[in-house]
Every structure is written in C-alpha cells, then in structure tokens.
Amino acid sequence: MDDDFSFLQPLDLITKDAYQLQKMVREKKDRMNAANQKNESKEESERENAQEVEEERRDREKEEEEDREDKSHKEREQEIGKENEETHEDHNEIEKMEPEENGACGGVEPMEITPTSISLPSEIPSSDVTVLEGHTSEVFACAWSPSGSLLASGSGDSTARIWTIADGGCGSGMQNEPANVVVLKHFKGRANEKSKDVTTLDWNGDGTLLATGSYDGQARIWSRDGELRTTLIKHKGPIFSLKWNKKGDYLLSGSVDKTAIVWDIKSGEWKQQFEFHSAPTLDVDWRNNVSFATCSTDTLIHVCKVGENQPIKTFSGHQGEVNAIKWDPTGSLLASCSDDFTAKIWSTKQDKYLHDLKEHVKEIYTIRWSPTGPGTNNPNQQLVLASASFDSTIKLWDVELGRLLYSFNGHRDPVYSVAFSPDGEYLASGSMDKCMHIWSVKEGKIVKTYTGNGGIFEVCWNKEGDKVAACFANNVVCVVDFRM
C-alpha cells in the first residue's frame, strides 16, 4: 500500500483497524477514478460542443458577411467596433467569476446564512502574520499561556516548543531570532524508534507550568522556561488528552489504554486511575477541582470524582465513538460529539440527554462552548455551542432550545478545530483545506481569512483576543494579528 497512504489522515491510522483502512483506501481510490473518468468524458463532450459552436459561428459569420456586402464601408466599421466592445465586456464578466470559482477557501457558494456573505472574505495580509519555523514534522497542538505572551506547540517530531511572541504587531522578522523559542525534547539524545509525537498540551491556570502528553504514554510537566520538572509514567498507551484542574493541584490524562489518571502535582505521583471504559479514552474535561468527565470509542461518557471508585454518572446514547466532551462555563451542562454525526447536551440531573443536535451529515470532531452567559465575563450574551465536523461545516447551537442557530459553510474539507475569542464575538476555525477563517458570531459570516500551506490541526486565541495561532500539517505554527 506504499502509495496509498496519501488517502488517509494521521488520525485514521491511529483509530481504525487495518481492514477499515484498506476499505477506506479502496473507496477513495474508486471515487478518484470515477471522478477522473467523469472529468475525461466531460472534457470530451466539451470539446465536441466547442466544435459545434465554432461551426455555427462560422456559418453565421458567412451569412452576415454576405448581408454586409451591400452596406457602406463606414457603417460596417462602426458595427465591427461595437462587436469588439461587446465581446470584450463578456470576457471581463468571465474573468470576474473565475477567481471565485477557483478560490481554495470558498466564499463562493452562498453560505446558508446571509446573502451578503457571498463576497470573498478579506484575506489577512502577510504583514499581519508571523510564521514560526523549527518543527520538523506536523504540528498537532497549540495553546497560549494564560499569563501572556508564550505560545506552546506540540509536534510529531517528538518535541514541544514554547515561543515568546512579542506584544504588538506580528511581522515576518520573528523566525530569524531563534532566541525566542525553547525546545522541549521528549527523547534522550537521538529520538529512538518508539514514537514520541506530542499529541496534546495544556498550561496550568497561572501559566507557570506546561503539561504535555505523548504517544509514548508519558505525561511531562515543564516550567515556562523549558525545564523538565516531572515525568508521569503509568499509562500503557498513547495519551490523547490532558487537562489541569482550575486550582492546579491535579492533572488529568486520558489514554488509548482505556483509562484516565488523576496525578497529584505536589508529589509527582498518580493519585487515582479510573478504569471504567472498555476502549480508548479520547477526551477528558474537569467539571470542577475534583470531578471530571471522560469519553471513549466505546460510545460511553463517565462522570467521575476523585476518591470515588465508581462513576457518579454514566451517559449512554451515542451510537459511535465519542470524540470530545466539554463542560459549559458553569459546569452544569456537558456537551459531547461523536462519529454518529450528532452532538448531545447532558445534565447530571438526568440520565437521558437534554438535546440531540442532529444537523451534521458526517462525523463531528470537536465542540466548544462560547465564553458567554451567566457566570462568565460576558454575562449579557447568550451561551452557545459550536460543533466542527468532517462535513466541512461548523454549526452554532442555541443550547436552551437545542436548535440550530447558524451553519457556517466556508470550508472545503474537514474542520478539525474551532475556538471562540475571549469576548465571544468571533469564532476561529481551522480545516484540512489549509484555511483559517474568523467568523462573526452575530452575523454568521467570515470577516477574516488566512490561507497556509498545510492542513490545520488546531487554532487558539490569546487572552487579549488580538492574536490567533494555528498549527499546520506542513510543520509550521502561524500567529495572526486580529484587528477589526
């Protein structure tokens, strides 16, 4: 299958078995061949049509020529001049349409929202973008420190990096000053044969410590200047998610080994291992300082508490792997999304989901709550949920009524990541189509766009809301200035 891996996403290789992968490659190959055949026959019929049109034109010209023989020389000249002008105008019409048709990032197809959003969105100029180079493999994760100008990134090259991003405008001079980055190596000496991709990372609440989770099953804690403080060893498989509690005394990790572990940061030891899932744990999220939720490819969601030996609640209702879970800002509602094309909203007060959100037509990869509503810094705006799917759309949900507010249709490929700005007014999205869009939540349309040279795995805002970072499959991290 040497040449066929191009049909698969890295994530497929980790989560699907060989039989499923072969089937996917076969289907994609067939689809590609079918598309090629279709294009060939389309081209042929276009050639035939063009020939017919050309013949018709010649006949018409011949007739007109004969008609014109009797006209005076001057009249004929005026007519020819006019004809030239008209064909020139037609040509302009065609040219105007073409860039939209071929634009890599869409903006062509009217979005399902407002007729005004058909115009091409404003591309962010390269003078507002800093490209951070140094990783030697795709960059899976990025996160801004809550205490300011540090940006962490985690890559398939067995390193995480902490970049110091100057306040004020971005510029392309940044990557010439290597002093601005600290490299966190996840191997001793040279990288050994065991993969140490950095799959996930999270800063603690005051930005003094960075936790990284790796494919080698180890979690590591680093100081902000890149010193390795603690290596947490107990998992027997890759770590896919890692979260600090608010207080910063516990770190929670979820692994392919089916378990979640709460680590006691003071002692550097594991406090409790939770072995309730029957398949890989894909995501974890704290509800408060001592209780949290986990989700798995086994379709279940467990709510657990430090010190308890059984889940305090189990939510079942999804028909496929549960890819992500998130508590709302107050910890009263839990959102989940799945390969079954649905997102669901749960309350610990009942067993069945409150809302079943069913508008996507492919797997939903991730979800995010807006930083709005009661108990947040933006109490006067309504709380909404965003879901990002392999169907290339992002959907915004009214969580009280459980209905669709907006469908954002500007991407051409799976959307892997979405993030709300701190004030809740904007949503950034990153897709495999190499585009990062920034949407106005109120108007439901694209206000800014940046096109990179690789698929985007994650996007994130700094705490001031004036910079957005995106990490790419072509080994770079980009920081974009955002001003409206």
Side-chain angles (χ1 to χ4, degrees), residues 9-11 104-106 121-124 128-132 135 138-146 150-155 160-161 163 165 170 198-203 241 283 323-324 326 337 364-371 384-390 392-396 408 410-441 446-484:
Q9 297 291 351
L11 197 82
C105 290
S122 68
E123 187 72 35
I124 292 170
D128 285 352
V129 181
T130 304
V131 179
L132 305 172
H135 281 298
E138 61 271 76
V139 189
F140 295 124
C142 57
W144 289 93
S145 159
L150 299 180
L151 174 69
S153 58
S155 161
R161 286 165 194 252
W163 313 83
I165 309 295
C170 288
V198 179
T199 46
T200 179
L201 35 78
D202 193 38
W203 290 95
S241 58
D283 197 16
N323 294 315
K326 289 279 173 292
C337 65
I364 306 175
Y365 189 68
T366 191
I367 42 176
R368 283 285 186 278
W369 291 96
S370 59
V384 294
L385 181 74
S387 56
S389 164
F390 283 10
S392 311
T393 72
I394 298 134
K395 300 203 188 292
L396 229 51
F408 291 173
H411 286 295
R412 291 265 193 268
D413 283 309
V415 183
Y416 271 164
S417 179
V418 285
F420 281 96
S421 61
D423 61 8
E425 304 229 348
Y426 299 98
L427 183 75
S429 60
S431 158
M432 281 295 116
D433 66 9
K434 306 180 181 177
C435 296
M436 175 176 80
H437 292 320
I438 298 176
W439 308 77
S440 157
V441 172
I446 297 171
V447 293
K448 296 273 185 197
T449 285
Y450 173 69
T451 309
N453 294 312
I456 299 174
F457 287 111
E458 187 159 35
V459 292
C460 60
W461 294 81
N462 66 349
K463 69 172 196 310
E464 291 79 20
D466 61 0
K467 287 187 169 61
V468 189
C471 54
F472 289 80
N474 69 322
N475 312 355
V476 303
V477 182
C478 292
V479 178
V480 170
D481 275 339
F482 179 72
R483 301 182 289 272
M484 277 311 288

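In terms of heavy atoms, Thr200 sits closest to Ala141 at CA-CB, 4.3 Å. In terms of heavy-atom proximity, Pro422 sits nearest to Pro371 at O-CG, 3.5 Å. In terms of heavy-atom proximity, Ser387 sits nearest to Ile364 at CB-CG2, 3.9 Å. Taking all atoms of both residues into account, the shortest heavy-atom contact from Ile367 to Ala324 is CD1-O, 3.8 Å. In plain terms, the two heavy atoms of Phe472 and Gly452 that are nearest each other are CE2-CA, 3.7 Å.
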> Hey, mind stepping through Leu427 and Phe408 against side-chain contact (heavy atoms from CB on, under 4.5 Å) and telling me if it holds?
Replying inline: CA-CA 10 Å; Leu427 183 75; Phe408 291 173; 3.9 Å; yes

>> side-chain contact (heavy atoms from CB on, under 4.5 Å), that's the test. Do Met436 and Thr449 meet it? Break it down for me.
In response: CA-CA 6 Å; Met436 175 176 80; Thr449 285; over 6 Å; no

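Of the possible polar contacts, one joining the Trp461 side chain to the Ala419 backbone as a donor-acceptor pair under 3.5 Å is found. Trp369 places a side-chain N or O within donor-acceptor distance of the main-chain N or O of Lys326, the cut-off being under 3.5 Å. With Ser155 contributing its side chain and Val139 its backbone, the two residues share no donor-acceptor pair below 3.5 Å. Side chain of His437 to backbone of Ala428: no donor-acceptor contact under 3.5 angstrom is found. Here the side chain of Asp433 pairs a donor or acceptor atom with the backbone of Arg412 at under 3.5 angstrom. For the pair Trp203 (side chain) and Ala143 (backbone), a donor-acceptor distance under 3.5 Å is present. Judged by distance alone, with hydrogens and angles left aside, the side-chain atoms of Ser122 form a donor-acceptor pair with the main-chain N or O of Val447 at under 3.5 Å.
In this structure, the side chains of Val459 and Val418 stay at 4.5 Å or more apart for every pair of heavy atoms. Side-chain contact between Phe140 and Glu458 is absent, with no heavy atoms from C-beta onward closer than 4.5 Å. Using a 4.5 Å heavy-atom threshold, the side chains of His135 and Ser153 count as touching. Side-chain contact check for Ile165 versus Trp144: some heavy-atom pair is nearer than 4.5 Å. Residues Ile124 and Thr451 are not in side-chain contact: their nearest non-hydrogen atoms beyond the backbone lie 4.5 Å or more apart. Within the 4.5 Å cutoff, side-chain heavy atoms of Leu151 are placed close to those of Cys460. Looking only at side-chain heavy atoms (C-beta outward), Val468 and Ile438 come within less than 4.5 Å of each other. For the pair Asn323 and Thr366, the minimum side-chain heavy-atom distance is 4.5 Å or more.
Between Tyr365 and Tyr416, the ring-plane angle classifies as tilted under the 30° and 60° cut-offs.
Under a 4.0 Å N-O distance rule, the pair Lys467/Asp481 qualifies as a salt bridge. Salt bridge Arg483/Asp128: present, at least one basic N to carboxylate O contact under 4.0 Å.
Atom CG of Asp413 and atom OG of Ser392 lie 6.0 Å apart (nearest 0.5 Å). Taking CG from Leu396 and OG from Ser370, the interatomic distance works out to 7.5 Å, rounded to the nearest 0.5 Å. The CD atom of Glu138 sits 5.5 Å away from atom CZ of Phe457, with the distance rounded to the nearest 0.5 Å. Within the model, atoms CD1 of Ile456 and SG of Cys435 stand 7.0 Å from one another, a figure rounded to the nearest 0.5 Å. Taken from CG in Asn462 to OG in Ser421, the straight-line distance is 10.5 Å, to the nearest 0.5 Å. Residue Ser417 holds its OG atom at 6.0 Å from CZ of Arg368, rounded to the nearest 0.5 Å.
Side-chain contact of His411 with Thr393: a donor-acceptor pair under 3.5 Å is absent, judged by distance alone.
In the displayed structure, Asn453 atom CG is contacted under 6.0 Å by at most 12 heavy atoms of other residues, nucleotides or ligands.
Put simply, the residue from Phe420, Phe482, Trp439 that forms a ring pair (Phe, Tyr, Trp, His ring centres under 6.0 Å) with Tyr426 is Phe482.
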